[in-house]
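Everything below concerns the one structure shown next.
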2 protein chains.
Amino acid sequence: MTPQDDTALPETSAPAPEEEAARHASARSARASALTEDYVEIIADLLEREGEARPTDIARRLGVAHATAIKTIARLKRDGLARARPYRGVFLTDRGWDMARKMKARHQTVVAFLLALGVPAEVAEVDAEGIEHHVSDATLAAFERFLAQAARGDGR
Amino acid sequence: MTPQDDTALPETSAPAPEEEAARHASARSARASALTEDYVEIIADLLEREGEARPTDIARRLGVAHATAIKTIARLKRDGLARARPYRGVFLTDRGWDMARKMKARHQTVVAFLLALGVPAEVAEVDAEGIEHHVSDATLAAFERFLAQAARGDGR
DNA sequence: GGTTTAATGTAGCCAAGGCAACACTTCGCG
DNA sequence: CGCGAAGTGTTGCCTTGGCTACATTAAACC
Ligand SMILES: [Mn+2]
Ligand SMILES: [Mn+2]
Ligand SMILES: [Mn+2]
Ligand SMILES: [Mn+2]
């Protein structure tokens with residue numbers, strides 16, 4: 001049932017298996033960090049806007065049960081991104097604030113970029129929520145370049 | 001410790017919590033489908049290139065242990081995307097082929113788009129592997145519009 | 001101040017997606 | 001044909017990230 005003869009000859013362009021594996025590993029890693037990044041971003045926003053970040057509010061903004069949020073917050077504490085004491089709300093460590101700032105900037109850039117491309121606002125917000133976690137520094141820079149150019153009226 | 005007086009007044013622009021929750025729910029759902037989509041895309045590629053898709057080859061391309069691949073393939077079967085009998089390789093159902101075609105097109109478009117934006121090739125490949133799962137039809141169309149315009153020499 | 005209500009925390013359950021270790025087929029080669 | 005190597009499948013274990021149900025604490029209201 002093999003197409004041609006015996007010695008496997010690649011028709012178009014064989015992918016280097018190691019590199020492809022590395023790409024998928026990177027994507028898996030980014031996927032694993034995505035939830036953490038969203039939590040930290042939301043906590044920072046609540047702290048700045050409301051002065052406090054309560055588990056219930058975090059859960060409501062993420063659309064999950066409060067028990068889920070509390071468990072995830074425990075992981076943030078374990079990983080040195082947040083601090084919290086019972087019934088006293090959630091706070092960010094320096095590392096947490098760093099991540100939050102980075103993610104806020106990334107989020108805004110990705111949304112602005114999609115809007116500039118002509119994506120409808122609601123769709124842009126939804127897609128950005130996922131895309132932001134897979135945008136490397138190089139790609140983010142490319143997005144910003146595009147935005148700067150678009151701001152200059154599409155000229156050069 | 002609340003910033004101002006008592007009635008919580010939002011300084012900049014308060015996010016509608018329901019809509020934000022819906023956005024995060026969409027992102028979670030896309031994240032959950034990502035792995036399935038990559039498996040199906042790889043299986044289709046192996047079937048087309050080599051005439052067969054063996055669990056070990058699938059695992060190698062994804063960079064996971066073969067036991068992991070076999071377990072995931074069982075889920076694909078359960079979900080009506082693949083068929084497989086012991087020691088006889090993996091095949092796709094019609095639904096599997098549909099998904100594979102869609103993901104292949106999406107993958108190629110995202111990579112081409114990032115390249116057109118000036119992202120280095122290796123980075124584009126890595127980022128695309130994650131981004132492709134969060135690109136809605138509307139955003140994909142915007143990417144294609146941009147590519148078509150770029151092909152026309154940046155004119156109109 | 002006491003009581004109701006809301007928030008918080010805990011426990012136990014589940015599915016997905018990883019892994020290593022071991023057992024069993026199948027394939028290729030002499 | 002037989003045997004060793006490669007591929008395959010199974011088992012058991014783990015973490016993450018969901019949920020519900022229940023207990024407990026704090027806040028709000030009368
Ligand atoms: Mn996000
Ligand atoms: Mn975000
Ligand atoms: Mn992918
Ligand atoms: Mn892909």
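Note on naming: letters A, B, ... go to the chains in the order of the sequence lines (proteins, then strands), and numbering restarts at 1 for each one. Computed from a predicted model, the values in this text were never measured in an experiment.
Ring planes of A/Phe113 and A/Phe146: perpendicular class, angle over 60° (limits at 30 and 60°).
The closest donor-acceptor contact from the side chain of A/Lys77 to the backbone of A/Ala84 lies under 3.5 Å. B/Thr36 places no side-chain N or O within donor-acceptor distance of the main-chain N or O of B/Ala32, the cut-off being under 3.5 Å. Between the side chain of A/Asp127 and the main chain of B/Ser136, a donor-acceptor pair closer than 3.5 Å is present. Formation of a donor-acceptor pair under 3.5 Å by the A/Arg61 side chain with backbone atoms of B/Glu18 is not found in this model.
The pair B/Arg95-B/Asp98 does not count as a salt bridge, with every side-chain nitrogen at least 4.0 angstrom from each carboxylate oxygen. Under 4.0 Å is where a charged nitrogen must lie from a carboxylate oxygen, and between B/Arg106 and B/Asp137 at least one such pair does.
Contact annotation: A/Arg28 side-chain N/O to C/dG17 OP1/OP2 distance is not under 4.0 Å. Residue B/Arg78 places at least one side-chain N or O closer than 4.0 Å to OP1 or OP2 of C/dA16. Close to C/dC19, at under 4.0 Å from its OP1 or OP2, lies a side-chain N or O of B/Thr68.
Contacts between chain B and DNA chain D, taken as any atom within less than 4.0 angstrom of a protein heavy atom, begin and end at D/dG7 to D/dG18.
Taking atom OH on B/Tyr39 and atom P on C/dA16, their separation rounds to 13 Å, with Å as the unit.
Tested against B/His133, the residues B/Glu37, B/His107, B/Arg31 include a single side-chain hydrogen bond (donor to acceptor under 3.5 Å, both in side chains) partner, B/Glu37.
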Letter per nucleotide, 5' to 3', of nucleotides 1-10 of chain C [B base touched, S only sugar-phosphate touched, - untouched; heavy atoms, 4.0 Å]: ------SBBB
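If you check every strand for non-hydrogen atoms under 4.0 Å, B/Ala65 touches sugar and phosphate atoms only.
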